[in-house]
Each structure stands twice: as C-alpha cells, then as structure tokens.
Amino acid sequence: MSTQTLSRPRQGRMIAGVCAGIARRFGWDPTLVRVLTVASFLIPGPQFLAYIAFWVLMPNED
C-alpha cells in the first residue's frame with residue numbers, strides 16, 4: 001500500500017481529481033477507479049453526494 005496521503009492531484013485530473021487521488025493513494029489504476037465510480041452512479045444511492053463531499057473535503061496536492 002502507498003504511504004501517500006489522500007489528496008487531489010493537480011496533474012491527471014478529469015473533473016475534480018477525486019478518483020485520481022483515491023487511485024494514487026491506494027496504488028490502483030485511475031481509469032479503473034473512474035469506471036467503477038461512473039458505474040456506481042447508475043445504482044440508486046448517495047454515491048453522487050459522496051463524490052461531492054470528497055471533492056470538498058479532500059485537499060489539493062501541494
């Protein structure tokens with residue numbers, strides 16, 4: 001597992017950098033995280049609100 005903190009990168013963002021930050025933190029492929037995120041939006045639930053919360057609460061990379 002990576003030792004990086006959870007933050008939104010300034011490079012490699014698509015929309016807000018939430019998926020890229022999560023992928024980098026856990027050492028996953030950013031494309032996989034993005035596909036899983038979009039797929040989860042098709043299922044009813046609070047996924048969109050969670051994404052917005054991450055967008056607001058995750059700090060930008062220094």
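Keep in mind that what you see is a predicted model, and the values were worked out from it rather than measured.
- Atom CZ of Phe41 has more than 12 heavy atoms from other residues, nucleotides or ligands within 6.0 Å.
- Linking Ile, Leu, Val, Met, Phe, Trp and Tyr whenever their side-chain heavy atoms come within less than 4.5 Å leaves Ile22 and Val35 in two separate clusters.
- Under the salt bridge (charged side-chain N to carboxylate O under 4.0 Å, His left out) criterion, no residue pair touches residues 29-51, with sequence neighbours excluded.
- A distance-only check finds no donor-acceptor pair linking the side chain of Arg8 to the backbone of Ala20 [under 3.5 Å].
- Taking CZ of Arg13 as the start and CG of Asn60 as the end, the distance is 4.5 Å to the nearest 0.5 Å.
- A search for ring pair (Phe, Tyr, Trp, His ring centres under 6.0 Å) contacts involving Trp55 returns nothing, not counting sequence neighbours.
- Within 6.0 Å of OH on Tyr51 lie more than 12 heavy atoms contributed by other residues, nucleotides or ligands.
- In Leu6, the CG atom is crowded: over 12 heavy atoms of neighbouring residues, nucleotides or ligands sit closer than 6.0 Å.
- For the atom pair Leu32 CG and Cys19 SG, the distance stands at 10.0 Å (nearest 0.5 Å).
- Both Ile15 and Val33 are members of a single hydrophobic cluster when ILVMFWY side chains are connected at heavy-atom separations under 4.5 Å.
- Here the straight-line distance linking atom CD of Gln47 with atom OG1 of Thr37 works out to 9.5 Å at 0.5 Å rounding.
- Heavy-atom minimum distance, Gly17 versus Pro9: O-CD, 3.5 Å.
- Between Thr5 and Arg25, the closest side-chain pair of non-hydrogen atoms is not below 4.5 Å.
- Among residues two or more places apart in sequence or in another chain, the side chain to side chain donor-acceptor pair (under 3.5 Å) test is passed with Glu61 by Arg24.
- Two different hydrophobic clusters hold Trp28 and Val38 under the rule that ILVMFWY side chains link at heavy-atom gaps under 4.5 Å.
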